[in-house]
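Not measured: the values here are computed from a predicted model. Just so it is clear: chains get the letters A, B, ... in the order the sequence lines come, proteins before strands, and each one is counted from 1.
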Amino acid sequence: AQTVTQSQPEMSVQEAETVTLSCTYDTSESDYYLFWYKQPPSRQMILVIRQEAYKQQNATENRFSVNFQKAAKSFSLKISDSQLGDAAMYFCAGRETSGSRLTFGEGTQLTVNP
Amino acid sequence: NAGVMQNPRHLVRRRGQEARLRCSPMKGHSHVYWYRQLPEEGLKFMVYLQKENIIDESGMPKERFSAEFPKEGPSILRIQQVVRGDSAAYFCASSPPWGQGKNEQYFGPGTRLTVT
């Protein structure tokens with residue numbers, strides 16, 4: 001079974017600055033996927049970025065990138081040039097290849113200050 | 001291509017009533033997942049279904065909760081004799097058959113259940 005932990009309940013960043021959200025996970029499997037989801041006030045879950053564990057290269061999607069440290073079981077999300085629309089709850093999630101369920105962390109509420 | 005549809009978006013039930021939540025997966029998706037989000041918490045897995053089959057229900061409460069995904073029509077999450085603790089947002093997600101696409105789960109907008 002997989003566990004996902006987000007130790008930052010809240011974070012804030014100034015508009016146009018960079019912020020990093022932390023996530024650690026634990027799994028006994030060697031093959032798995034990691035995700036960051038964004039949940040704005042509308043509560044819609046939006047996939048931000050995805051990382052396959054077997055890939056050493058960190059995933060990047062425009063202003064969003066991850067720092068995947070497999071040995072340390074760490075999966076942080078970096079948001080560059082933060083925009084007001086980035087304000088939301090961010091959830092880290094994992095899925096083991098042998099299973100189907102997503103396991104979510106507790107979430108980090110991100111505030112972007114103008 | 002329409003996304004995952006859920007209805008109703010908001011549902012109010014009195015204690016003891018039944019709640020029925022519906023989920024229509026994305027076109028071409030045959031896998032459906034239900035998650036529950038209690039206030040101030042992350043999403044918790046409840047059940048994973050394929051057409052006419054429950055694959056994994058290890059996250060479902062043992063009593064009062066049931067789910068189905070019939071051959072025709074939407075997936076239904078049914079909660080009998082609701083209690084205040086059932087108040088939450090219920091999310092449905094769908095994914096394509098194994099081997100097609102990236103097996104990512106696409107989420108619906110959720111149903112917010114309030115039990116009074």
Going only through I, L, V, M, F, W and Y residues with side-chain contacts under 4.5 Å, is there a path from [X] to [Y]?
{"X": "Val32(B)", "Y": "Leu21(B)", "answer": "yes"}
{"X": "Val13(A)", "Y": "Leu21(A)", "answer": "yes"}
{"X": "Val48(A)", "Y": "Met11(A)", "answer": "yes"}
{"X": "Tyr33(B)", "Y": "Tyr33(A)", "answer": "yes"}
{"X": "Phe45(B)", "Y": "Trp36(A)", "answer": "no"}

First locate atom CZ of Arg101(A), then atom NZ of Lys44(B), and finally report the distance between them rounded to the nearest 0.5 Å. 11.5 Å
Answer yes or no: does atom CE of Met5(B) have more than 12 heavy-atom neighbours from other residues, nucleotides or ligands under 6.0 Å? no
Looking at Gln81(B), I want to see if its CD is surrounded by more than 12 non-hydrogen atoms of other residues, nucleotides or ligands under 6.0 Å. no
Heavy-atom distance under 4.5 Å to chain B: side chain of Leu102(A), backbone, both or neither? both
Tell me, side chain or backbone of Gln6(A) under 4.5 Å from chain B's heavy atoms, or both, or neither? neither
Any idea which of Gly108(B), Ala89(B), Gly110(B) has the most non-hydrogen atom pairs under 4.5 angstrom with chain A? Gly108(B)
Residues from residues 62-74 of chain A approaching chain B under 4.5 Å (heavy atoms): none
Would you indicate whether the side-chain heavy atoms of Phe104(A) and Glu41(B) approach each other to under 4.5 Å? no
Taking the side chain as everything from C-beta on, heavy atoms only, tell me whether Arg43(A) gets closer than 4.5 Å to Gln37(B). yes
Apply side chain to side chain donor-acceptor pair (under 3.5 Å) to the pair Arg95(A) and Gln105(B), showing each step before the final yes or no. CA-CA 10 Å; Arg95(A) 179 171 75 78; Gln105(B) 294 182 21; over 6 Å; no
Of all heavy-atom pairs between Tyr48(B) and Ser100(A), which one has the smallest distance, and what is that distance? CE2-OG, 3.2 Å
Could you report the tightest heavy-atom contact between Phe91(B) and Gln39(A), atom names first, then the distance? CZ-NE2, 3.4 Å
Can you sort out the partners of Gln44(A) under side chain to side chain contact (heavy atoms under 4.5 Å, CB included), two or more places apart, ordered by chain and number? Ser42(A), Ile46(A), Phe107(B), Pro109(B)
